[in-house]
Amino acid sequence: MPDFEVKNQTFTLWKNKYKKDGDNKPDYTGNGKFNNEMKDVSMWINKDKKGGRYLSGRIQDAKNKNDSPF
């Protein structure tokens with residue numbers, strides 16, 4: 001894998017291939033760099049009461065900073 005530096009305040013998400021209909025797992029997962037610290041990022045696709053779609057997400061401390069692809 002080529003060496004590159006992740007820019008601060010950016011993240012990358014990948015489709016969660018383990019999500020099944022009806023479970024609470026995020027639709028997309030990934031990681032990013034915020035305030036120069038690596039974080040885990042999760043995102044869900046939701047519907048409001050009128051049927052409109054929107055995204056919600058969570059940013060949390062990286063579970064294992066040494067396993068980051070960055």
Side-chain angles (χ1 to χ4, degrees):
M1 182 173 176
D3 290 329
F4 65 95
E5 184 176 339
V6 177
K7 292 181 181 177
N8 197 31
Q9 308 305 99
T10 64
F11 63 92
T12 303
L13 296 171
W14 293 270
K15 188 164 181 70
N16 185 354
K17 60 184 176 181
Y18 301 106
K19 180 168 176 124
K20 296 179 183 174
D21 287 340
D23 68 18
N24 291 330
K25 293 178 184 170
D27 294 293
Y28 291 86
T29 59
N31 46 35
K33 193 173 192 180
F34 302 93
N35 296 326
N36 292 312
E37 292 184 30
M38 291 304 297
K39 302 285 185 178
D40 291 334
V41 180
S42 303
M43 190 162 290
W44 290 262
I45 300 171
N46 298 297
K47 286 188 180 181
D48 62 21
K49 293 179 182 178
K50 295 181 180 180
R53 291 173 56 160
Y54 68 94
L55 300 173
S56 63
R58 180 173 57 201
I59 300 169
Q60 56 191 17
D61 290 337
K63 291 179 184 171
N64 189 343
K65 295 177 184 176
N66 295 330
D67 287 344
S68 172
F70 303 113

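Heads up: numbering here begins at 1 and tracks the sequence.
Between K47 and Y54 the shortest heavy-atom distance is C-CE2, 3.7 Å. Contact between W44 and R58 at its shortest, heavy atoms only, is CH2-NH2, 3.8 Å. Nearest approach of V41 to G32, heavy atoms of both residues: CG2-N, 4.1 Å. Contact between K19 and P26 at its shortest, heavy atoms only, is CD-O, 3.7 Å. For N8 against F34, the heavy-atom pair with the smallest separation is OD1-C, 3.6 Å. Closest approach of A62 to D40, counting heavy atoms only: CA-OD2, 3.4 Å.
For K39 and D61, the salt-bridge test passes: some basic side-chain N is under 4.0 Å from an acidic carboxylate O.
Every residue was checked against the side-chain hydrogen bond (donor to acceptor under 3.5 Å, both in side chains) condition with K33, not counting sequence neighbours, and none meets it.
Among I45, L13, N16, the one residue that satisfies the side chain to side chain contact (heavy atoms under 4.5 Å, CB included) test with D27 is I45.
Looking at N35, its side chain never comes within 3.5 Å of a backbone N or O of E37 through a donor-acceptor pair.
To the nearest 0.5 angstrom, I59 atom CD1 is 7.0 Å from F11 atom CZ.
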key: Stepwise side chain to side chain contact (heavy atoms under 4.5 Å, CB included) check, T12 with Y28   = CA-CA 10 Å; T12 303; Y28 291 86; over 6 Å; no
